[in-house]
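Each chain gets a letter, A, B and so on, in the order its sequence line appears, and its residues count up from 1. Hydrogens, waters and symmetry mates play no part in the numbers below; they use all other heavy atoms, side chains included. None of these values were measured; they are calculated from a predicted model.
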Protein chains: 2
Amino acid sequence: MNTEEEALNFVKYGHKQYLPHVAIDCVIFGYYDQQLKILLLRVKGHNSWALPGGFIQRREPLTQAAYRILQERTNLKDLFLQQFHTFGDSPFRVKETSAKEFADKFGLEVEENSWLLERTLSIGYFALVDYSKVTVTTDFFTDAYQWCDVSELPDLLFEHNDVVEKALLTLRLQIYHQPIGYNLLPEKFTLPEIHVLYETILGKELDRRNFPKKLLALGLIKKLNEQRPIGAHRSPFLYQFDKENYDKALQEGIVHAY
Amino acid sequence: MNTEEEALNFVKYGHKQYLPHVAIDCVIFGYYDQQLKILLLRVKGHNSWALPGGFIQRREPLTQAAYRILQERTNLKDLFLQQFHTFGDSPFRVKETSAKEFADKFGLEVEENSWLLERTLSIGYFALVDYSKVTVTTDFFTDAYQWCDVSELPDLLFEHNDVVEKALLTLRLQIYHQPIGYNLLPEKFTLPEIHVLYETILGKELDRRNFPKKLLALGLIKKLNEQRPIGAHRSPFLYQFDKENYDKALQEGIVHAY
DNA sequence: CAGCAATTGCGTAACAAATACGCAATCAAG
DNA sequence: CTTGATTGCGTATTTGTTACGCAATTGCTG
């Protein structure tokens, strides 16, 4: 959806291809240079920011739609992606302005009764990516993107500030129970590397000496018999996520929760 | 929606009042006589069971819609109600039969292109109620109800078996972090009462002597200086949910999770 | 009224998990 | 070979969880 013709077609006839009244919004956490960021897109003509999102095709499974939308924006596949909440407590399409006014700013002729202007619930998904590997694709409705620090978010469109807050909460609660580092670290990594990753995500300090014990006790990572020279200091050992053990723990964990 | 005229009106023009393509489904856990049950409705003409559900009004906040739907079926207000997942991985309205065929069984003239027959995502909520206090109201589309044991569920319509499973999982995971007993026990209760409640929900035994320590340590309940005579045995003390402390713990818990 | 059965209240010991922190080993630079 | 910065490893302390013993209460019974 990059040309004006495609966009116009989408506005007029999109409801034949997509389910109206429901959208998927993605909170894409990016990690690079020891910082946690969120991908925001600037909505054309509005000078406002919003989360990447999209609609569900009429015969497309929900989970598949979420992966497709994520891939369309980041050009990445096989990511960790998880649904965390569905938002719909505001009965308006857009905050503090009429839907028509909102639409006009795109410079398109949007009819008053377009499906795009109707109330739309938002199903929230979050993902974790290494943002040095992402090539962001914008479309007709967006004209810029930025990786924004979690603590410095501007006012976002729709209910997106609530969405981000809830995503962050969910991420932090699940960090020891999901293979969250998989896509953020190289296949083999050192303890200091995964240590700063977890500190960054949780936004607090974790004891350097206790931290590895916890991950090993949970069976999330395993030690390799290799080291990586890092210059002027002692060479750290390399570690790997222990997928087998993790999958096993997941099963038992669920049983244990009963 | 009890008369045929109302139902026909709903089938034909419901999409003007409600958002199509999205529904709310409620897993209503009932507790009575030390048993945990789920409320099921029988769909007219189908001899099949389904969860109580409903649609969201066009200008109604999502949370409010969930409470309204719950109240319409159970005639109860002010319940513990929580969203837990949104389901949409099956792109079909109904399993293993055409939507038209499905609709015909109601004995209504449903047009092929009715909004009701289109694909519909389901937002899952669960609630906990004392089922001796519930008076179930059925409508035109349902002709019976039952409280069904969690472990003896029949094949349900739509994706409702998955919905129940996920609800149960969520309930069990959150039982020590949400005021789950509020609506299931009298305001003042004894330790043995809340003890069997928790055992029933979790489906496993909990040590009678350690259990109160945990609840008190979490600040979920507080001891009162009253006892209740229970006949042929030692009189147990009464306890109360500690709402103040719970709200405080919730805030700190969230902070601590960072 | 003493003994009994059933139940509640309370405590303590054993074990496991989380936290705090000391210190030696390693590596390159000067 | 000393220094500074960093990693690896260990051990004590505290906190939380689990297992389980036993006395106190209540009404019934002989």
Side-chain angles (χ1 to χ4, degrees), chain A residues 33-34 172-177 181 185-186 188-200 202-240 245 249 252-253 255-258, chain B residues 33-34 172-173 175-177 185-186 188-200 202-240 245 249 252-253 255-258:
Chain A
D33 195 21
Q34 306 187 5
R172 285 171 173 165
L173 279 174
Q174 301 197 348
I175 195 168
Y176 290 115
H177 304 285
L185 294 173
K188 296 173 182 182
F189 50 85
T190 67
L191 285 184
E193 284 171 348
I194 193 172
H195 181 227
V196 292
L197 167 64
Y198 271 63
E199 286 192 333
T200 306
L202 292 174
K204 71 173 183 187
E205 284 196 4
L206 300 170
D207 187 279
R208 180 180 65 82
R209 290 149 294 184
N210 293 326
F211 176 71
K213 288 186 224 165
K214 181 155 186 172
L215 293 191
L216 287 168
L218 289 169
L220 257 171
I221 62 173
K222 65 182 172 196
K223 187 176 178 177
L224 301 174
N225 202 13
E226 299 174 59
Q227 290 170 285
R228 177 197 296 162
I230 52 161
H233 306 289
R234 182 175 182 174
S235 305
F237 279 93
L238 290 174
Y239 287 76
Q240 218 175 15
N245 205 322
E252 285 169 7
V255 172
H256 179 261
Y258 280 68
Chain B
D33 196 22
Q34 307 185 6
R172 285 171 172 164
L173 278 174
I175 195 169
Y176 290 116
H177 303 286
L185 294 173
K188 297 173 181 182
F189 50 86
T190 67
L191 285 184
E193 284 171 348
I194 194 172
H195 180 227
V196 291
L197 167 64
Y198 271 63
E199 286 192 332
T200 306
L202 292 174
K204 71 173 183 186
E205 284 196 3
L206 300 169
D207 188 279
R208 180 180 65 82
R209 291 150 293 186
N210 293 327
F211 176 71
K213 287 185 226 165
K214 181 156 186 171
L215 292 191
L216 287 168
L218 289 168
L220 258 172
I221 62 173
K222 63 182 173 196
K223 187 176 179 177
L224 301 174
N225 202 15
E226 299 173 59
Q227 290 170 287
R228 177 197 297 162
I230 51 162
H233 307 289
R234 182 173 181 177
S235 305
F237 279 94
L238 290 174
Y239 287 75
Q240 218 176 14
N245 204 322
E252 285 169 8
V255 173
H256 180 262
Y258 280 67

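- Side-chain contact between H195(B) and L206(B) is present, with at least one heavy-atom pair separated by less than 4.5 Å.
- The backbone N or O of L215(A) lies less than 3.5 Å from no partner atom in the side chain of Y176(A), so there is not a single donor-acceptor pair.
- In this structure, CG of L191(A) is placed 16 Å from C1' of dA25(C), rounded to the nearest angstrom.
- Within residues 226-234 of chain B, the residues approaching DNA chain D are G231(B), A232(B), H233(B), R234(B), by heavy-atom distance under 4.0 Å.
- For the pair E193(A) CD and dT7(D) C1', the computed distance is 13 Å after rounding to whole Å.
- With rounding to whole Å, D207(A) atom CG is found 15 Å from dC9(D) atom P.
- The pair K204(B)-E199(B) does not count as a salt bridge, with every side-chain nitrogen at least 4.0 angstrom from each carboxylate oxygen.
- The CD-P distance, from E205(A) to dA20(C), rounds to 11 Å in whole Å.
- A 4.5 Å side-chain heavy-atom check between L216(A) and K213(A) finds every atom pair outside the cut-off.
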T190(A)/I194(A) under side-chain contact (heavy atoms from CB on, under 4.5 Å): CA gap, chis, key distance, verdict: CA-CA 7 Å; T190(A) 67; I194(A) 193 172; over 6 Å; no
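- Of the charged side-chain nitrogens involved, at least one lies within less than 4.0 Å of a carboxylate oxygen, so that R228(B) and E193(B) count as a salt-bridged pair.
- The backbone N or O of S235(B) lies less than 3.5 Å from a partner atom in the side chain of Q227(B), making a donor-acceptor pair.
- Applying the 4.0 Å criterion to OP1 and OP2 of dT8(C), one finds that K223(B) has every side-chain N and O outside that range.
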Audit row: F211(B), L191(B), side-chain contact (heavy atoms from CB on, under 4.5 Å) steps and yes/no: CA-CA 9 Å; F211(B) 176 71; L191(B) 285 184; 5.7 Å; no
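- Between L238(B) and F189(B), the closest side-chain pair of non-hydrogen atoms is not below 4.5 Å.
- Using a 4.0 Å cutoff on non-hydrogen atoms, the parts of residues 208-216 of chain A near DNA chain D are R208(A), R209(A), K213(A), ordered by number.
- Taking five base pairs at each end of the helix from dC1(C)-dG30(D) to dG30(C)-dC1(D) and finding the rotation axis that steps the C1' atoms of four pairs onto the next four gives two axes whose angle is 30°, to the nearest 10°.
- Atom CG in L218(B) sits roughly 10 Å away from atom P in dG16(D) (whole-Å rounding).
- Taking atom CZ on F237(A) and atom C1' on dT6(D), their separation rounds to 14 Å, with Å as the unit.
- In this structure, Y176(B) places its OH atom 10 Å from P of dT17(D), rounding to the nearest Å.
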Step-by-step side-chain contact (heavy atoms from CB on, under 4.5 Å) determination, K188(A) to L224(A): CA-CA 9 Å; K188(A) 296 173 182 182; L224(A) 301 174; 3.7 Å; yes
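- Judged by the 6.0 Å distance and 45° axis criteria, K222(A) is not positioned over the aromatic ring of Y239(A).
- Looking at heavy-atom distances under 4.0 Å, S235(A) makes contact with sugar-phosphate atoms alone, never a base.
- Residue whose closest nucleotide on DNA chain D sits further toward the 5' end, between Y239(A) and A217(B): Y239(A).
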